[in-house]
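Note sheet for the following structure.
Worth saying up front: this structure is predicted, and the values here are computed from it rather than measured. Just so you know, ligand 1 is whichever comes first in the structure, and atom 1 is the first atom listed for that ligand.
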Amino acid sequence: MLTVAPTGPIATKKDNPHLPIQPEEIADEVHRAYQAGAAVAHLHFRDSSDRPTADLGVARQTMDLISERCPILIQVSTGVGLDVPFEAREALVELRPRMATLNPCSMSFGGAEFRNPPADVERLAARMRELGVKPELEIYDTGHLDACLRLRDKGLLDDTPMQFSIVLGVQGGMAATADNLLTMVRRIPDGAVWQVIAIGRANRELTAIGLALGGNARAGLEDTLYLQRGLLSEGNLPLVERTVGLADSLGLSLASVTETEALLNLPSQ
Ligand code: KMH
Ligand code: ZN
């Protein structure tokens, strides 16, 4: 399963002029990624000043523009951005995307704070379950996996299957090393689905290792702005194509949207 993450919460067009920010731009980039083989689109939204936003109008508009172009599965980020309050972030699931992220723990995130207080996370997990929005669990450190398992044990998450992103390379979380990835892969519960999110320079190597170990992959400008050192990626497509090439050379075939729905056992809406 290949996910495209076209925008993210942090970079701006100053960092890479090809970063899609506005709804039309995001929809066009997602469509290109779908045509190249992505089955899931992980979305962040921006306001007119390019700041991360949980504005439901912008989110709805972007989701609609994507759905007009292609049937890719939409996964809304409830991480949104570091300055956006949890109450605004959690409201995004009311739009009933097929999937949304769930970040289980608070942490330092670069020079700032990513606030995910336990009571808020529990409320959001319960609401997602109620609405039939599949959570993708973002684990940035070893204890975050245990926090997810506690949510499961409390009946707030289904394991049909659980879906994890092992996030490596955020300053404040696990460093982007193969050793950390292996540690986490060994601890992922049987039957769960997982992918690597490798932030920054080690993106290509760790994505390749994740694929070789049986994981899924994510590609896009949210995770790295560069194709290689010193060479900015001219949009998301080169990163998506690079990842398709990695899968191909490992003898893996890409899951279609329908296959992804089945593999994740996505609730129909
Ligand atoms: N930005 C990544 C470090 C989310 O959007 O909820 C993690 C991420 C989480 O994609
Ligand atoms: Zn994200």
Worksheet item: Between Ala100 and Met128, which heavy-atom pair has the shortest distance, and what is it?
Response: O-CE, 3.5 Å

Worksheet entry | Pairs meeting criterion side chain to side chain donor-acceptor pair (under 3.5 Å) with involvement of residues 107-121, two or more places apart | Arg89-Asn116, Asp120-Arg123

Worksheet item: Near the Zn ion (ligand 2), meaning under 2.8 Å, how many protein N/O/S atoms are there?
Response: 3

Enumerate, one pair per line, all nitrogen or oxygen atoms of ligand 1 lying under 3.5 Å from a protein nitrogen or oxygen, stating the separation to 0.1 Å; write 'none' if no such pair exists.
| unit_1 | atom_1 | unit_2 | atom_2 | d |
| --- | --- | --- | --- | --- |
| ligand 1 | 1 (N) | Glu222 | OE2 | 2.7 |
| ligand 1 | 5 (O) | His42 | NE2 | 3.1 |
| ligand 1 | 5 (O) | His44 | NE2 | 3.0 |
| ligand 1 | 5 (O) | Ser77 | OG | 2.6 |
| ligand 1 | 6 (O) | Ser77 | OG | 3.2 |
| ligand 1 | 6 (O) | Gly79 | N | 3.4 |
| ligand 1 | 6 (O) | Thr101 | OG1 | 2.7 |
| ligand 1 | 6 (O) | Asn103 | ND2 | 2.9 |
| ligand 1 | 10 (O) | His42 | NE2 | 3.1 |
| ligand 1 | 10 (O) | Arg218 | NH1 | 3.3 |
| ligand 1 | 10 (O) | Arg218 | NH2 | 3.2 |
| ligand 1 | 10 (O) | Glu222 | OE2 | 2.8 |

Worksheet item: For residues Tyr226 and Asn203, is any side-chain donor paired with an opposing acceptor at under 3.5 Å?
Response: no

Item to complete: Quick one: sort the His31 and Tyr34 rings into parallel, tilted or perpendicular, breaks at 30° and 60°.
Response: parallel

Worksheet item: Do His42 and Gln75 meet the criterion of a side-chain donor-acceptor pair at a distance under 3.5 Å?
Response: yes

Worksheet item: Do any pairs count as a salt bridge (charged side-chain N to carboxylate O under 4.0 Å, His left out) and have a residue in residues 187-200, sequence neighbours left out, and if so which ones?
Response: Asp146-Arg187

Discussion item. Are Ile197 and Phe114 connected into the same hydrophobic cluster when the rule is that any two of I, L, V, M, F, W, Y join if their side-chain heavy atoms are below 4.5 Å apart?
Written reply: yes

Discussion item. With side chain to side chain contact (heavy atoms under 4.5 Å, CB included) as the test, pick out the partner of Leu124 among Leu92, Thr78, Val133, Leu156.
Written reply: Thr78

Discussion item. Between Asp50 and Lys13, does any side-chain N to carboxylate O distance fall below 4.0 Å?
Written reply: no

